[in-house]
Amino acid sequence: MIPLKRSFFDRKTDIVAREILGKIIVKKENNISLFGKIVETEAYLGEDDPAAHAFAGRTKRTEVLYGLPGHAYVFRLRAYYCLNIVAESENSPGCVLIRALEPLEGFDLMVKRRGVDKKDLVNLCNGPGKLCQAFNINLNHYGCDLTNSDSELFIIENENERIEIITTPRIGISKATDWNQRYIIKSNPYISKYKF
DNA sequence: CTTACGATTCCC
DNA sequence: GGAATCGTAAGG
């Protein structure tokens, strides 16, 4: 399992948000690992993006956004957590929100943590808060290096898969609602919800 | 210290 | 439609 290189994330945020679709998130647990394919993302473009946390500038919470790309930016939202990946070079605080995963391995643990029916696989990771609950991602993973296979959390390549990508406005925000910075894999049943 | 506020989810 | 829920940031 070779993780994606840091150079993959050292590009424009919207490019990273698009290119990371189809890649696989790995979460190492005590005895097993959880796997999930990234099927939906959103790009938050930095200090000039009214909807981005970095719009308010550098704070303790957004500090990691200003560091090297390829690290995890996790934040608390209401009763849940959200996972982002830092993009662009140092001092350029763009990030990609992971909004949905297609569960690949570790179903039992995900079902248990989410408290859903055993057959309801669609509802395990089809939302930014849901996937963090299923994968048990929290503030302990703030700053985690996702390009290092020794990390508890990292991202690997997914060979030879042809995917079609759709862009839509971002979801659940009140500013810059007309920016098409949401990226989803067309016809994938594990995305959160359509909104055009 | 106090207050306001969410890149959400679930239930009515 | 409305509530749960808690870390963060800003202001006194």
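Note on naming: letters A, B, ... go to the chains in the order of the sequence lines (proteins, then strands), and numbering restarts at 1 for each one. Side chains are part of it too, since the values below use all heavy atoms of this structure and drop only hydrogens, waters and symmetry mates.
- Within a heavy-atom distance below 4.0 Å of DNA chain C, no residue of residues 99-110 of chain A is found.
- Listed by chain and number, the residues in a side chain to side chain contact (heavy atoms under 4.5 Å, CB included) with A:E102 are A:K37, A:V39, A:L104, A:N188, A:Y190 (sequence neighbours excluded).
- Under the side chain to side chain contact (heavy atoms under 4.5 Å, CB included) criterion, A:K5 pairs with A:S7, sequence neighbours left out.
- In this structure, A:Y81 contributes its side chain and A:L131 its backbone to no donor-acceptor pair below 3.5 Å.
- For A:T13 (side chain) and A:V96 (main-chain N/O), no donor-acceptor pair under 3.5 Å exists by modelled atom type.
- Here chain A contacts DNA chain B (any atom closer than 4.0 Å to a heavy atom, that is under 4.0 Å), and the contacts span B:dG6 to B:dC10 from 5' to 3'.
- Scanning residues 77-88 of chain A for heavy-atom distances under 4.0 Å to DNA chain C yields A:R78, A:A79.
- The one candidate from A:I184, A:I185, A:N126 that meets the side chain to side chain contact (heavy atoms under 4.5 Å, CB included) condition with A:I191 is A:I184.
- Its side chain outside the 4.5 Å cluster rule for every partner, A:Y80 clusters with none of the Ile, Leu, Val, Met, Phe, Trp and Tyr residues.
- A distance of 7.0 Å separates NZ in A:K28 from OG in A:S33, rounded to the nearest 0.5 Å.
- Sorted by residue number, the members of residues 36-75 of chain A with any non-hydrogen atom under 4.0 Å from DNA chain C read A:T59, A:K60, A:R61.
- Qualifying salt bridge (Lys or Arg N to Asp or Glu O under 4.0 Å) partners for A:E63, counting only residues two or more places apart in sequence or in other chains: A:R58.
- The stretch residues 132-152 of chain A participates, sequence neighbours left out, in these salt bridge (charged side-chain N to carboxylate O under 4.0 Å, His left out) pairs: A:R6-A:D145, A:K27-A:E152.
- At least one donor-acceptor pair under 3.5 Å links the side chain of A:T62 to the backbone N or O of A:T59.
- Nearest-nucleotide positions on DNA chain B place A:S174 closer to the 5' end than the other of A:S174 and A:Q133.
- A:Y183 and A:R18 are not linked by any side-chain donor-acceptor pair at a separation below 3.5 angstrom, with hydrogens and angles left out of the test.
- Cluster partners of A:W179, by chain and number: A:L45. The rule joins Ile, Leu, Val, Met, Phe, Trp and Tyr whenever side-chain heavy atoms lie under 4.5 Å apart.
- Side-chain N or O atoms of A:R76 include one that pairs as donor or acceptor with a backbone N or O of A:R78 at under 3.5 Å.
- Residues satisfying the side chain to side chain contact (heavy atoms under 4.5 Å, CB included) criterion with A:F75, sequence neighbours excluded, are A:H53, A:R61, A:Y73, A:L77, A:C82, A:N84.
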Secondary-structure string, 5' to 3', Watson-Crick or G-U under 3.5 Å, | for another-strand partners, for DNA chain B: ||||||.||||.
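- As rounded to whole Å, 18 Å separates atom P of C:dT5 from atom CG of A:N138.
- Both the sub-6.0 Å distance and the 45° axial angle are satisfied by A:R170 relative to the ring of A:Y44.
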